Chemist: 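Before I ask anything, let me first share the structure, which is written out below as structure tokens.
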Amino acid sequence: MGGKSKNMFKLSLIVLLSLSFTLTGCGGNNSNNGKDAAKNGGAAATETAASTDGKVEPFDISVFIGEAGQPPTPDNKIFKKIKNETGAKFNFEYLAGDINQKLGVMIAGQDYPDMMTGNTKLTAAGAYIPLEDLIEKYAPNLKAHYADYWNMMKDPNDGHIYILPNYGVYNGEVKSSWYSGPAFWIQKAVLKEFGYPKVKTLDEYVDLIAKYKEKYPKIDGSPTVGFEILNYDWKNWGLLNAPQHLIGHPNDGGVVVTDGVAEIFADKDYAKKYYQKLNEMNQQGLIDKETFVQNYDQYMAKLSSGTVLGMFDQHWNFSAAEDSLTTQGKIERTYVGLPLVYDASTKDYYRDLAVLNLNNGLGISINAKDPVKIIKLLETLISEDWQKTFSWGIEGEDYIVKDGRFMKTQEQRDNAADPTWQMANKAKTLFGYLPKLEGSYSDGNSTDASAQPEEYAASVKPYDKEVLAAYGFNSYVDFFSKPPANPVYYPAWSIDLVEGSDAKIANTKLNELSTKYLPKAILADPGKFDSIWSDYVGDIKKANVKAYEDKINEQIKWRIDTWSK
Amino acid sequence: MDETLGKETVALHPKKRKKQPITWSLIKNQNQLIWMSVPLLLYIVLFAYVPVWGWTMAFQNYRPGRSFSEQEWVGFKQFKFLFTDDNFLRVLRNTLAMGMINLVLGFVTAIVLALLLNEIRKMFWKRIVQTISYLPHFLSWIIVTGIVATSLSINDGIVNIVLMKLHIIKDPILWLSEGKYFWGIVGASHVWKEVGWNTIIYLAAIASIDPALYEAAEIDGASRYKKMRFVTLPGIKATIVILLIMSVGHVLEAGFEVQYLLGNGLVMDWSETIDIFVLKYGLAQGNYSLATAGGIFKTVVSVTLLLMANWTAKRLGEERLL
Amino acid sequence: MANQQISRGTTPGLSVKKSLRPSGLEPVLFHSFNTVFMICLVLVTLYPFINTIAVSFNAGNDTIRGGIYLWPRVWTTQNYKAIFASGTIYDAFWISVARTVISTILNIFLTTMLAYTLSRKDYVFRKPITIIFVLTMYFSAGLIPNYFLIKDLNLLGSFWVYIFPTMISAFNMIVIRTYIGTIPESLLESARIDGAGDFKIFMRVVLPLCKPVLATIALFVAVGAWNSWFDAFIYTSSKQSLSTLQYELMKLLSSTMNSNSNPNVAAGVGMDRDSAKAMVTPLSIRAAITIVASVPILVVYPFMQKYFVVGLNVGSVKE
């Protein structure tokens, strides 16, 4: 007995010692693939490319995707095709946690995969290799694709191109039938009730809502809610962004830019006018009592119940609620976006032309073993054939061609909407980040199935046909004025304020003040509105707003200098 | 009772043991104890203390990816930013308040529940109730706060309905719009989520009480209450005191998830904690240095509180941590 | 420290026994109060779980409307199908089981061993070691330095990164130490007189006597190991073969949330718009994930429970 326990004692010691001191031995192979690879940065010498002798040489590419997503199935047909035809085998790592933490350790340890999606922190840390020379040398098609945007892609700090933007490069005719941006939204039923009036101004909009609520105090047995304002966490544009649009400016984030000079609008009189109006609406009982304490789920629940007449929001943010309403058969409770202004003579500027999606897309890391191979692969994948494969799928399987026009059977449409099917049959995330053709192909077909007129026509519901016919529109996008050409610097919201800078801190502060004061002001007794407003403006003055405006103006100037053709 | 026992203990407590001189013969005598603990000491030094070099970040403008020698040293700039911000005192107050509420509520409810559970006669029911009560521990805060928010809604939220049915309030109250309710809501949510889980440790302590003590008390005709007070509570006192000392040191860990998820612009002045502040101005800005400075500040406060609690326990003649 | 033995040795109940008189009404009152209280408690704590189950079986685009309480409104198993559709979670499940089992065993053994040495008041290094361990509860070096440590130890992308950094918890050690303090000194003393060394006393006397607290600590450690995903996120995320169940579920949840809230995905390309119409929404998938993640560990619970929910009644029946 004593002997046995002595043995146990020794054993436990050995275990302990090995744990405490020889940890390094048990590490196994680790993912640290490479400081030695880093020096290959621009080495063009290793030209063992696939295409030279027609034989496909397999190679692996590891990719970090800076957002959540699900990996394709191992036998995904698109990735199989890529592997067969180019030799490339992708290994994706998706983000599933806090990006700041993940990037912090990636940068600190210089542990980068071959490719990474764009991120200003990574750029600042020198994690990407410059791409200009590689593209010039090996990728004529990519060069042609980005020709008009070349200067815009340059990093404001050192003038190199690190990221290939994934959206915003247009070819051919652009059709769009779905507006995803900001607007004042109103239930279709409200418009129908009052004979499809043309609504231009905020006052008209509020009147309609008030009239409808008075006439129908309950919808499906629940109290009618006039107006919702979502102010939850980072989703606070419902509260903050409307004033700039009401005076006819496009979405520049927290500033309004006039003649190339930006200033914040949170404390301006035209902002005050809007919040005063909301205060009045609250007095009339038009605003949901709970609106400022609800979370996003509660907000969506209310919209999906069909009792909310209107709100200011971005369409993509609540489209899930509309889907729910459609499933419930309450199409009349879905929404129409209205580009409201204060004064009917102001031209609305909500809808804008798509802009280059800066700092988004893919870059090649300094650890990539063979950047040339990667850039050649991207060059291959920008070809029209590959682009069709990514967007439409495989002819005959995923879409059909009639008289040169691409379309889908109902079964193919259902497939495309099924996430499980997508995992095996689409390269959704990869395509989302690749350089891509947008607009139409050389044969005139749309690059995007939902924008193909035939496909769009098939998707319009009878109720929508009635609404659109009443206004003489083809799609809901037509409610918005045709956007003018974007200002050169546009949009100011994509300016990188630089992590930890005074500008960014000021911006955080400003946001904090707005989320705190504006709800108070709106819910206040009308007599107290002015004093709360002046407290608000006073606190804004104390925040270092100038640092914020200066940074934006400096960048606007830089963009105007560099981007002008 | 606490007093009497306390006095008794103090009286019987051997007057401060003479500090043993460390001699070779003693070490030789205790060589098994040393082998059993010193390797683990080295282990914890490696995994917990070695990385503390990272605290130097708090005195830098740390940029990941640069080597140590390339970092820019800024002295106490990060601490200055932290302490001079208008909001700092407010978030400190909120953190302390919610930390204390959680501490007190958490302790009292867990101990009371453990005592009451112990009184359930049927083993079967005791286990059922205990199992169910700890289920919410397995739900994430986002689910729990979702349910809390729904329950507090003025549109058919259960809390308002019940209170109105009981005629405690006349009109539904918008609970989450008032700063004065916020701390209480956070405290109650914590209790709801964790009370069953926190009870487990006390149940284990109760399980170790010698049944003979209960029998003796029963023979004496002790009531249920007396047994609770004179047998059960003293039996778990050591556990309670030790857990209390440890928790006092954690009072700044009021958390951020609940506050973040339940908070809104209207209650911001009551809901934001140090962790949220550091998250907003530190991590979210890529400012790891500020986050580290915040961590150091919390450690200093925590250890101070811990030592104070331990000292107090010592003065009272109670079980001590150190 | 010494007061433990005292409170154990001299029965406090005895010193006051004369003053105790049972009253007739009190037990009935108490019992009905206790029963009512327990029923309320069960209702209140069972509700969130039932609610989560109901949501997990409810169609995603219906859940958005809210108002799901105890029972699904539009029944579906779609949410679970979405979870099990990704083939990766089966491997991840076993990784999670492995890390939980190994962690729990190692933790229990090492932590108790340390606790025993530190419960020995005559142990020369008792105080410094205790302080060094206790302090670890109150600071963290921060993410980046820890990452460097793991990297330097060559543990990145290794299974052992789930085990080594968390082998001993100071909190658990203190809890066990406190418990050992309540073991009658006489038991240990007699073993020592028999000539047993400290390790033998630990193995033969201390470990078996600590069953109730070890069951508790095992539960803490197992639940902690089972639920953690952060280490997989930071240290092994590039290795799919080492992914844990929690991390896989986390990925699934994030991706569902992303496809519902990311402007590029929700609105960008037309086909992506279609997929936003899918049945699975963050609310519903989160509920299903919670159930999938917690059921395996809940199953373990009753086995642990029998060690610490004994106490008075069973004790007296047994004797």
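Keep in mind that what you see is a predicted model, and the values were worked out from it rather than measured. Throughout, a chain's letter reflects where its sequence line sits, starting with A, and its residues are numbered from 1. The analysis underlying the following values was restricted to heavy atoms, covering all of them including side chains, and did not include hydrogens, waters or symmetry mates.
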Chemist: Would you please say whether a donor-acceptor pair under 3.5 Å links the side chains of A:Glu512 and B:Asn87?
Modeler: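 Yes - a donor-acceptor pair under 3.5 Å links their side chains.
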Chemist: Can you name the closest pair of heavy atoms from A:Tyr128 and A:Asn119 and give their distance?
Modeler: OH-N, 3.1 Å
Chemist: In terms of heavy-atom proximity below 4.5 Å to chain B, should A:Gln298 be classed as side chain, backbone, both, or neither?
Modeler: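 Only the side chain of A:Gln298 comes within 4.5 Å of chain B.
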Chemist: Select, from B:Gly286, B:Gly146, B:Ser153, B:Ser177, the one with the greatest count of heavy-atom pairs under 4.5 Å involving chain A.
Modeler: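 Option with the top pair count is B:Ser153.
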Chemist: Quick check on A:Phe292 against chain B: is it the side chain, the backbone, both or neither that has a heavy atom closer than 4.5 Å?
Modeler: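 Both backbone and side chain.
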Chemist: Between B:Asp156 and chain A, which part of the residue has a heavy atom less than 4.5 Å away: side chain, backbone, both or neither?
Modeler: neither
Chemist: For B:Leu176, is it the side chain, the backbone, both, or neither that has a heavy atom closer than 4.5 Å to a heavy atom of chain A?
Modeler: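 Its backbone and side chain both get close to chain A.
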Chemist: Where does A:Asn236 contact chain B at under 4.5 Å (heavy atoms): side chain, backbone, both or neither?
Modeler: neither
Chemist: Any chance the side chains of B:Gln78 and B:Gln60 put a donor and an acceptor closer than 3.5 Å?
Modeler: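 Note: B:Gln78 and B:Gln60 side chains miss the donor-acceptor criterion.
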Chemist: Side chain, backbone, both or neither: which part of B:Ser289 has a heavy atom under 4.5 Å from chain A?
Modeler: neither
Chemist: What distance separates B:Glu272 CD from A:Lys516 NZ, expressed to the nearest 0.5 Å?
Modeler: 8.5 Å
Chemist: For each of A:Leu103, A:Val293, A:Thr515, tally heavy-atom pairs with chain B at distances under 4.5 Å, and name the one with the top tally.
Modeler: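 Of the options given, most contacts go to A:Val293.
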Chemist: Relative to chain A, which of B:Leu290, B:Leu152, B:Asp86, B:Leu261 shows the most heavy atom pairs under 4.5 Å?
Modeler: B:Leu261
Chemist: Which residues pass the side-chain hydrogen bond (donor to acceptor under 3.5 Å, both in side chains) test with A:Tyr536, sequence neighbours left out?
Modeler: A:Ser514
Chemist: Using non-hydrogen atoms and a 4.5 Å limit, figure out which bit of A:Lys542 sits close to chain B: side chain, backbone, both or neither.
Modeler: neither
Chemist: Examine whether an atom of A:Lys121 lies under 4.5 Å from a heavy atom of chain B, and if so say whether it belongs to the side chain, the backbone or both; otherwise answer neither.
Modeler: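 For A:Lys121, side-chain heavy atoms alone lie under 4.5 Å from chain B.
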Chemist: On the six-membered ring of B:Trp270, is B:Lys180 placed so that its NZ or CZ lies under 6.0 angstrom from the centre and within 45° of the ring axis?
Modeler: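 No; the conditions do not both hold, so B:Lys180 does not lie above the ring face of B:Trp270.
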Chemist: Name the region of B:Leu262, side chain, backbone, both or neither, that has any atom closer than 4.5 Å to a heavy atom of chain A.
Modeler: neither
Chemist: How long is the span from the CG atom in B:Asn160 to the NZ atom in B:Lys165, to the nearest 0.5 Å?
Modeler: 12.0 Å
Chemist: Answer yes or no: is there a side-chain heavy-atom contact under 4.5 Å between A:Glu228 and A:Tyr299?
Modeler: yes
Chemist: Not counting sequence neighbours, list each pair that qualifies as a salt bridge (charged side-chain N to carboxylate O under 4.0 Å, His left out) and has a residue in residues 26-46 of chain B.
Modeler: none
Chemist: Using a cut-off of under 4.5 Å on heavy-atom pairs, state which of B:Thr150, B:Asn287, B:Val267, B:Asp269 scores highest against chain A.
Modeler: B:Asp269
Chemist: Could you have a look at A:Leu239, A:Leu523, A:Val105, A:Thr508 and say which one has the most heavy-atom pairs with chain B under 4.5 angstrom?
Modeler: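 Top count of heavy-atom pairs under 4.5 Å with chain B: A:Thr508.
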Chemist: Which bit of A:Asp297 comes within less than 4.5 Å of chain B, counting heavy atoms only: side chain, backbone, both or neither?
Modeler: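 Neither part, no heavy atoms under 4.5 Å.
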Chemist: Ring of A:Tyr517, cation from A:Lys520 - is the NZ or CZ under 6.0 Å from the centre and inside 45° of the axis?
Modeler: yes
